[in-house]
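Shown next, in structure tokens, is the structure this report addresses.
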Amino acid sequence: MIDFKKIIGEKIAKAAEIDANEVTSYIEIPPNTDLGDYAFPCFKLAKVLRKAPPAIAAELKEKIETDEYISRVEIVGGYLNFYINRMAITASVLKEIEDAGDKLGANNSGEGKNVVIDFSSPNIAKPFHIGHLRNTVIGSALYKIYKYLGYNTTGVNHLGDYGTQFGKMIEGYTRWGNEYNLEENPIDQCMDIYVRINNLCKEDEEVLEKCRENFKKIEEGDPYCVKIWNMFKDLSLKEFQKIYGMLGVTFDSYNGEAFYSDKMDEVVDKLEAAGVLTDSEGAKIVDLEDKGLGVCMIKKSNDSTTYATRDLAAVLYRARNYDFDKCLYVVAYEQNLHFKQIFEVAKNLGIAEKSLNGLEHVAYGMVRLTTGKMSTREGTVVKVDELLQEAIDRVEKVIEEKNPDMENKHEEATKIGLGAVIFNNLSTSIIKDLVFDWDIALNFNGETGPYIQYVYVRTKSVLEKAGYVPKFEEINLELLQDKSSQNVITTLYNFENVLMNVASKNDPSLLARYLIELSQNYSNFYNDNKIIDDDKDIQNARVYLTKCVGQVLKTGASLLGIQMPNKM
Ligand code: ARG
């Protein structure tokens, strides 16, 4: 596709005799299209050129010539506004969409780069809660988008499968295992056992001691303890897989905390050798007070390791085995301090500079539910598989009422219900907290998954009604020069750029917002223009544009993990 920004950057650079890359990085997209397609803030050059912004603007305008790409340049305040040639962008976008098919924007910018994405990472024998759901949705979208951009991407589920709580679980199971049917409702039953044994531990120091021993036995490879522990893992994973299966989420590795149990000594040795490990009341710590990051506990006074030690071992392992350029940790912002500590301490592990610089905590906000059945059930624990099922059931009920003869009702309801939940998790910038509300998530007219799916289905039915979808060479681009068609075209043009932004900001909500914008622009186009028309040239042009919109909506949604229904 024609890179208008680059063309403009080069023109300005030539006129101002400054480096083109720097100039291009200052170019903005104006808040409304009346101000042009691109704007250059001249104050950025005030220092180097030693002139006031309006004078710079006047001088640059004088020197910049219009051509087949740029049709007009205007001065507004200290800005230089550029209007691109609408025929040029129309041709470029519409041809590219035909050529690229469902690979639009897959530009291979990540070729030769390795990215590790640590996401979902629930805890064994504990519920998979709505925070983990948001995590999974964000991480999986990033995973798909990085892959799409050509990065060599590894998705890791860093399971919480280690720690003294498993010693407790084993103790509880040994005592009361025969009272439970773990196959039936494993996580609930595990929670029950856990609460029970925990209470007993509080009363009886001897039981607590037994639990500690059990955990030690896991570490030493005791067959009985390891067997029970593995059973809990398998049961939990089976439960988690149900959710991953529904959401279409996959991982390349399930190396969780336990995987690092034999890899932590090396971390301790390296920190020791680097001279950063200090003794503190029998524990070994790295003191980060001078950086305002408190202390990072590496070994407790009873010699056991910590969550942090395991994460450090994981950094080392991943640097070695994946040689990563980026290692992203999709984890709630509550763990901000933890990751700041890890990234700081990791500087002592002898890892390549590129990998150290590529460590990034992708923090996201909390999810709350408005009151309702799901939020009050058993206190605060919301079961994610039940939530997903409820989304599907609610949609199925609506279909049953409004369109009982629809084909493949259940399949379509599944796509819509899951799409609604996935989209809702991405509907605001990921760092913001989120309230989950059924009425908002399932609203077909709001800024929701179902709305995007609805617009997509509309594009399909337009194509069906038209009966004929032309090829690019057959359409007359002059017939798509009205404002609402052009708004759609500009938005289509931005698709690739949005994907690049998702990767540079690690925020897939940018793509979600983009799909809303494209859907809204198409709806305006649809309302402003008669598509099925007696004038077949007009019809062909509009049908072609409709096809392009459907294609980009579908590609974009699939990168978020959302499937498109055929009917709605
Ligand atoms: N299991 C942790 C939790 O549920 C998240 C682990 C995140 N990943 C990591 N490498 N620390 O809170």
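Remember, it's 1-based here, ligands and their atoms both numbered in the order they're listed. Below, each value reflects all heavy atoms present in this structure, side chains not excepted, and no hydrogens, waters or symmetry copies.
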- [ ] Can you label the angle between the Phe259 ring and the Tyr317 ring as parallel, tilted or perpendicular, going by 30° and 60°?
- [x] perpendicular
- [ ] Run the ring-centre check on Tyr162 versus Phe215 and record whether the distance is less than 6.0 Å.
- [x] yes
TODO: Show the protein residues that qualify under the rule heavy atom under 4.0 Å from an atom of ligand 1, listing them in chain and number order.
DONE: Asp118, Ser121, Asn123, His132, His158, Tyr307, Asp311, Tyr329, Val331, Gln335, Phe339
Open item on the list: What I want to find out is whether Lys238 reaches Asp234 closely enough, with some N-O distance under 4.0 Å, to be called a salt bridge.
Closed with: no
Task: Contacts of Tyr454 that satisfy ring-ring contact (aromatic ring centres under 6.0 Å, His included) - sequence neighbours left out - done: none
Open item on the list: Test of understanding: with side-chain hydrogen bond (donor to acceptor under 3.5 Å, both in side chains), list the residues that count as partners of Ser121, not counting sequence neighbours.
Closed with: Asp118
TODO: Would you list the pairs meeting side chain to side chain donor-acceptor pair (under 3.5 Å) in which at least one residue belongs to residues 423-435, sequence neighbours left out?
DONE: Tyr333-Asp433
